[in-house]
Amino acid sequence: MRAPSVAEIAAGDVLLAVEGVSLAFGGVKAVSDVSFDIRKGEIRAIIGPNGAGKTSMLNVINGFYHPQAGRITFKGKTRRAMRPHAAAAGGIARTFQNVALFKSMTTLDNIMAGRSLKMHKSFFWQIFRHGPALSEEIEHRKTAEEIIDFLEIEHIRRIPVGKLPYGLQKRVELGRALAMEPDLLLLDEPMAGMNLEEKEDMSRYILSMNNYYGTTIALIEHDMGVVMDLSDRVVVLDYGRKIADGTPDEVKKNKAVIDAYLGVAH
Amino acid sequence: MRGETTTYTDTFPKLLLLNAAQRGERPAVREKDLGIWQTWTWEQVLDEVRAFALGLKELGLVRDDKIAIVGNNRPRLYWSMCAAQSLGAVPVPVYQDSVADEMAYVLAHVGAKIAVVENQEQVDKLLSISERLPDLAYIIYDETRGLRDYDHTRLKSFADVQKIGRALDPRSSAIEWQDSISKGKGADLCVILYTSGTTGRPKGVMLTYDNTIKSSRNANAYDKLDENEEVIAYLPMAWVGDHIFSYAQSYCAGYCVNCPESPETIIEDRREIGTTYAFAPPRIYENLLTLTMVRMEDASAMKRKAFHYFMGVARRWGEKILNKERVPPHARFLYGIGNILVYAPLKNRYGLSRVRVAYTAGEAIGPEIFRFYRALGINLKQLYGQTEASVYVTAQPDGEIFADSVGKPNYEVEVKIDDKGEVLYRSPGVFAGYYKDPDKTAETKTPDGWVRSGDAGFIDPKNGHLKIIDRAKDVGRLKDGTLFAPKYIENKLKFYPNIREAVALGDNRDFVCVMLNIDPVAVGSWAERNNVVYGSYQELAAHPKVYDMLASHVEEVNRSLSEEGPMAGAQIRRFLILHKELDADDGELTRTMKVRRGFIAERYAQLAAGLFDGAKEVNASTEVTFEDGRKGAISGRVKIRDVKVYPSATVQVPMGKAA
């Protein structure tokens, strides 16, 4: 599982494409006529000022919102809208802007919960935790422990996540998403509210995840420094419309982007 | 092989062969990985070390080459040392948290040819300084994560090097390796340990196999340690304490060394292993005690009452029971109940339930902290050691424990005090010299083998125990000639859980002043309970209520000083709380967390001036270094408080030549 090079990404397979997607809540247009694609193995950033429709876009991708117009192609299959369960089963995992973990469960249990879609043994065996269910659980525990090692959270393995500081909760949430062994990982502001050191750690995890597990990542982020350093390609939204799409360098020089971020004289 | 024991045991590779032959099936090393303890027996260790050694040889490592070891305590890093030694090369463990610049100095000074490092972090650090290290041919890493896409011309994984070794013809390579091992002898250089140094550049202490092995054998005999011991390796590998304790003594006695899962999980890991022999600087015991006290404050009233009541019982009788003195039956009964309810659960929490001998060393320990652990029934003892002595100079024998002494000379160690009060020692563990520094060697080591410790102390005529007052050069006098021992005062202050660090100033001044660092955990928890709102360390440190609390601590220290004859004149007149935490990255602490007093006085010169000229408040701005090497500044107003001084309670006794 080697991460593809930039050249390979440029020419590579498209994992997910959205075409002409529009989403409105009553009269409010959250997203209008947006098209872009995510290629296998890349880190794709979605940026834009507040209310630009970034989180709505993620919600469309994982099937939480159903757009009024447009098409979504995931792994070669085109549909009008995704369904959350189908998205999860198809290999899309996500983390949330506000951490959404099982607060009273331990770190380990939260990560194991991420494996539940991969558990196939019958309910009968599982309630007795015996026979095939036990050996299956051991397999999953091994994967969970590898993730714990990867994210360096050994010391909080047995602590209920509700007791953990925010930065660590974010890491556990990432671990749970990773436990699904996703093909596409959606990160909604993975670094919101973190200090410099935590941001650097998180960036390192995101890069190694992409590098080591070959996970394709789509992320929303406000910290421009982080976005420009991490991502292979960036799509910029403003008032629900796409205003730019390209490599970080191209986007940085784009007039429309500069106006959107710095404001423009009227 | 067994018949030739004597010729086989003067180097660590020979000891490894011996252990593999005599106790091959017994565990030698454990490491917690993916949540499970993995064990290697002595036989398996031999196999791993041989494969790695042969690989190193193919990479061109030859006799007298230096090989740097950088990382947390990992089995493969310990094996690297033995593998290098089997080829006659010299391992040089380096502090894993030193910044790139410090590391560059040590590696360039020693001329390391190969570096074996733990992970990507260390690889990055070494690559960033590689142009300053012309001798460094290869970097070998243990943890592969994140390193796959690096340029591998000079980079190798530990497993790859072993693969090279295993690919060789097993018969002829094994014979060659045995030959190489048998060429090693006791007088050869075994390891170079760089001392973190309270002043100036670190010095490379050269120890021979005879030094470390004899010192370790004596230590094992002194505390009757054998192959059944379990220890946990968690202190920096570059520190002589860890080297002797987790490597040398383990190879000599054949006991098992356990490597924790990560630096954060040590307490949990120690609890799972149940170590029988423990070795830690006072800081570790202080932290445990602080944590206990903080948690007890948050416990339910019932638990808190039980804890305080039984700790009272323990303080009164625990020490006596541990020393096997006669105590009345009701005391024994109460202590028994306390053991079930409080002491045993606490010891279990600390992972010290099975401990037979626990040492504290490196610095003086607060007497209250020391008594706390002894009262719980933990055989905590004090030890006095130095890198230059292969650790052991003096230690407290079982049953002869005093809070203020460091014990009697270990086997084969001689100790004497010179006319200026400095402690000198001579033993088989005494070092060969400082690497590439004959001048410093001559300053420290006399021609007839005595080493100047740099510490001032005296031998108590009552019991023959050595007592250390302070660093010889730090013991000063106030302008009126009163004796001023800064560390003595600082240690008294640091006993309070609220005080993390203290720096006492007074040499050649009119009176004594201190700069304090509050303990963020203890004071933070206090703030939470007392509705004190704060946003940062700086804000908490400057809070008037925090000042009030610390002022009462300082007053108590003054009262206790007033009762100690010669120390009574050196009571603290004024103090302040520093606006930033002292940090090794800023050079304020050594890597072993000792305060660098002179440096701090210079760095905070504005504050020091304010302390002595009677100012109520001083503006201070200080440069700080972040972990990634960038610099910033912290500035603020720092308040200064006056403290009550007590009249000398006892008759002034002249200190005599002991001081």
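Naming convention: chains lettered A, B, ... in sequence-line order (proteins, then strands); numbering from 1 in each chain. Keep in mind it's a predicted model, so treat the numbers as computed, not measured. Every heavy atom of this structure was used, including side-chain atoms; hydrogens, water molecules and symmetry mates were not.
Proximity to chain B (any heavy atom under 4.5 Å) is shown, for A:Ile156, by neither the backbone nor the side chain. Looking at A:Arg141, neither its backbone nor its side chain comes within 4.5 Å of chain B, counting heavy atoms on both sides.
Looking only at distances, a side-chain donor or acceptor of B:Tyr537 sits under 3.5 Å from a matching main-chain atom of B:Ile518.
Using modelled atom types and a 3.5 Å distance limit, the side chains of B:Asp124 and B:Tyr150 yield a donor-acceptor pair.
Contact count versus chain B (heavy atoms, under 4.5 Å) is highest, among A:Arg157, A:Glu200, A:Glu146, for A:Arg157. By number of non-hydrogen pairs under 4.5 angstrom with chain A, the leading residue of B:Glu268, B:Glu143, B:Lys32, B:Glu264 is B:Glu264. Interface summary for chain A: among B:Ile266, B:Ile267, B:Leu34, B:Thr265, the most heavy-atom pairs under 4.5 angstrom belong to B:Leu34.
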Handout entry: B:Glu118 and B:Val70: CA distance, side-chain angles, deciding distance, side chain to side chain contact (heavy atoms under 4.5 Å, CB included) verdict
Key = CA-CA 6 Å; B:Glu118 186 191 357; B:Val70 193; over 6 Å; no

Practice task
Show your working on side chain to side chain donor-acceptor pair (under 3.5 Å) between B:Thr153 and B:Asp151 and close with a plain yes or no.
Solution key: CA-CA 6 Å; B:Thr153 43; B:Asp151 172 13; 3.2 Å; yes

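Cation-pi check for B:Arg270 over B:Tyr234 is met; the charged atom lies under 6.0 angstrom from the ring centroid and within 45 degrees of its normal.
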